[in-house]
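Encoded as structure tokens, the structure appears first; notes follow it.
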Amino acid sequence: MFQRSASRRGFLLSIAALATSAALFTGTVAAAERPEKLIITAIPDDGDADRMRENFGALAKYLGERVGIPVEYMHVENYAASVTALATGRAHIAWLGAVTVAQARIVMGDELTVLGCRDIDKGFVSYFIANPATGVSEVADLGELAGLAQGKGWSFTFGSKSSTSGHLMPRSFFQEEAGVAPEKVFRTVAYSGSHDVTMRMVGDGTHQVGALNYASWDKGSDELKVRAPVIYTTPEYTNYALTARSDLGENLLNELRTALLTLGESDDNGKKVLEYLKAGRFIEADISEWQGYVDLLQSGIDIGG
Amino acid sequence: MNTSSPLALRRRPWGHFVAILAVLLALGAALAAAEWDFAALTDPDRRAAAAARIGEWLVALASPDLSHEFLARAWELTLQTLSAAILGTALAVAAAYPLAMGASRAVCVGEEDARGVWRHFPLRSPRALLCAACRLVQDVLRAVPDFVWAIILVAMIGLGPLTGALALALNITGILARVYSELWDGVEETRYAQVRALGAGRIATFLYGIRPLASRNVLSFTLMRAECAIRNAAVIGAVGGGGLGAEIWYQIRFGAWDKVGTLILFTLLLTLTADLAANHIRRQLRGDPNRAAASVTWTTAGPSQSGRAPRAPWWAAAFVSATAVWSVWFMGWGNRDDDGAARNHLAPLGEFLTGEAWTRLGFFERLLSPQLDAAFVLRVVESASIPLAIATVGTLLGTAAAIAINHWHSASCQWHAPRFTGETPGVLRRAGRAARLVAARALAMVSRGVPEVTWAFLFIAFFGPGLVAGTLAIAVHTLGVLARVFGEAVDNLPHRRFEPIGASPLVLWGTVAAPMAWRDWMTYTFFQFESNVRAAVVLGLIGVGGLGFEFAFNFEWFRFERASTYLLMMVLLTVLIDRASRMLRLARVGS
């Protein structure tokens, strides 16, 4: 008796499992047409999580209203998590820096597409900043900085390890102009995690010199700017992009692109986002513009570590 | 059955001497292998800057942010931390028990003819192979840091408080399984030989012979782990589960010392409560020999005792299940979203049943093909020297400090001393002893109540990132943990063993208590060393450097092949230390 009921239960269970997986399968096919909900995530380049939630929440709300699907912002604690979320389908849209775009491209291939970027992203720069106690005011190039720092036992900080403007580009410009890795010049080379933390740490003297993206420096308070003045501005390069998964379908992707390009001052949420991102407007962009970074990463460039 | 010769029984336990020698060698190697930069302590400018930051923090700690809003936030974080920890531990106990049965040679392999070196060869029998496999599983669970489990789980079931609790559970399973299996293996075979001789199989021998003999220690360790989990849960919050530790780091980065002060107070409140609750449960479940001896009525009440079963264990069990039910409820429905709406956070558990969650694991596939060229492997091995160096120096400093305050920390040596010294101290002397006891216990409690990662955050903020900050963090935390277990080892000695020879409590401590507790102390120290190595690897992630840093760096750059090699190194370190401690038979029960 028990035997039979057990086998029947097993049978019922497998039927139920089949039914569920069938439902799920059709569910995912339908999702390729038009998902019920979109998740947007971003690299946490701003150390203030609440500020990110608020402003990317506004972007999510704006996009949601324009495409008629609820969009939700999901905050993650590190750069790798945002790429992982996008690559594994946990998130559908992601605000990524150039390095993370390239990482996602390497992992995802054609699954990744670009919705657009800011007007400032095609001519981005990083700042090198120094604590006034070092006595460094401004340097003509990073070779000069390396000369000044040699043997002083200064400590240097980048932002996040996978940041473009807070690590990769400052590092490659340093390497190029000084002809030596920062690890050889500074006593320690640390990774603060985000741009504004870099600024704060240089300001309070935890590290003597640091590098960060210019927009984050501009956002800092005047009092902090005095304690962490800019000593060098790097040449221009391409940076952030709003990326999405290709499997959202061409129709939805186009709707999202249109919504992004028309994001402007007229809408409250749009205004808030543009102000937060220090941008005039969003412009068209193609994934091929980030191919240079993909090649750079795949060339096995020395990124420390 | 009893094949061990009397000679073997009389052999001195060389294990500890070998261990001490190894530790001295390791200390030398630690100082030589890693680049120690003491500039933060010796350079006057930097020392002044560090002192200024410590001062700033102490001032802020004296005036913590007690605004209503922030208190409410801290309270919410405390509840989150608590529920994740309890749930994690409960799941871990359930998973660790069967795993430990497999990993314990006494239980899984049982009686066997293999002797000598042959006993350590896993292919000697299918059972031995199963045992070796279980040990490997528990080593991997333990060696892979909980935040890596968290990242993998996030890909599978998404972000949420549950993810943190599950990641914690996986890690604690590895730790508990190791301790359980080692405790069961530590029971002398002769003590349950009768059960076996009566014809009991392996399971029956375990249930009626081995398990009861080790149950007290198993219980003690489970409770101790539950407390540790509450501290660790604070750290796992970084993946979205919230929690106190993540918030502390967050506020330290912004230099909001008043908020850091408040959060540390809440952490202490939580760990102190857990500490007291665990102690209470432990005391209800096992009699304290000295307390029993002290209360005369209890010992003379013989007949009434046998009349009914003691009710205390039931109360303790009820309390434990109530907390477990609460944490499941809180995990599911108690956490509020950012917009304040309640939502069921247990729902993601259902995703494990779908194929999708498992296909997402494919993302980490490249972790299975580590990069193994000689030059790179050498670099990986080198990077392990940093956590080893930090753990060695930190453990030694912490142990020395714990022994130094042991006399003050022990209730037997301070408060109960008149019972065996025969003296009648005056009011002043009594007050002095009580003050010393309270001071030592408060110091130990604060040191262990604050997680090592939080200590590391603080020391990094004070001295800058590096080996010194990491070592100090480990040393302070070790002091707290060991001071307590060292103290317990002394206080658990029955008072009758202190002979009233008219010596002062300090002399008695030095000549009687310390030598008798020494062996327990060394066992605990070795346990702590192993856990410190893992802690030092994790500290690498937050800027101390070495293995953990290199791993995180490559993982974040999606260079999974390289990250995998570092991960293998972490597992190898854990396995080596674990096997060494098993070979030396450091964990012994009731001997």
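Bear in mind that the values here come from a model prediction, so they are computed numbers and not experimental data. Every chain is numbered from 1 and lettered A, B, ... according to where its sequence line falls, protein lines coming before strand lines.
Between B/R559 and B/E550 there is no salt bridge, since no side-chain N of the basic residue sits under 4.0 Å from a carboxylate O of the acidic one. Taking the charged nitrogens against the carboxylate oxygens, A/E223 and A/R227 do have a contact shorter than 4.0 Å, which makes a salt bridge.
Using a 4.5 Å heavy-atom cutoff, the side chains of B/I248 and B/V453 are not in contact.
Within the 4.5 angstrom heavy-atom criterion, atoms from both the backbone and the side chain of A/D48 approach chain B. Contact of B/F364 with chain A is made through the side chain alone, with heavy-atom distances under 4.5 Å.
Checking A/S155 against A/H207 by side-chain atom types alone, a donor-acceptor pair falls below 3.5 Å. With no hydrogens or angles considered, a side-chain donor-acceptor pair links A/T198 and A/S192 at under 3.5 Å.
Between chain B and the options A/V83, A/D50, A/T188, the largest number of non-hydrogen pairs under 4.5 Å is found for A/V83. Counting heavy-atom pairs under 4.5 Å between each of A/A85, A/A49, A/G205 and chain B puts A/A49 at the top.
Between B/F560 and B/F363, the ring-plane angle classifies as perpendicular under the 30° and 60° cut-offs.
Using non-hydrogen atoms only and a strict 4.5 Å limit, the part of residues 97-109 of chain A facing chain B consists of A/V99, A/Q103, A/V107.
Put simply, the residue from B/F551, B/F553, B/F376, B/F549 that forms a ring pair (Phe, Tyr, Trp, His ring centres under 6.0 Å) with B/Y566 is B/F376.
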How far apart are the C-alpha atoms of A/Y276 and A/D46, what are their side-chain angles, what is the distance that settles it, and do they pass the side chain to side chain donor-acceptor pair (under 3.5 Å) test?
-> CA-CA 11 Å; A/Y276 172 69; A/D46 184 346; 2.8 Å; yes

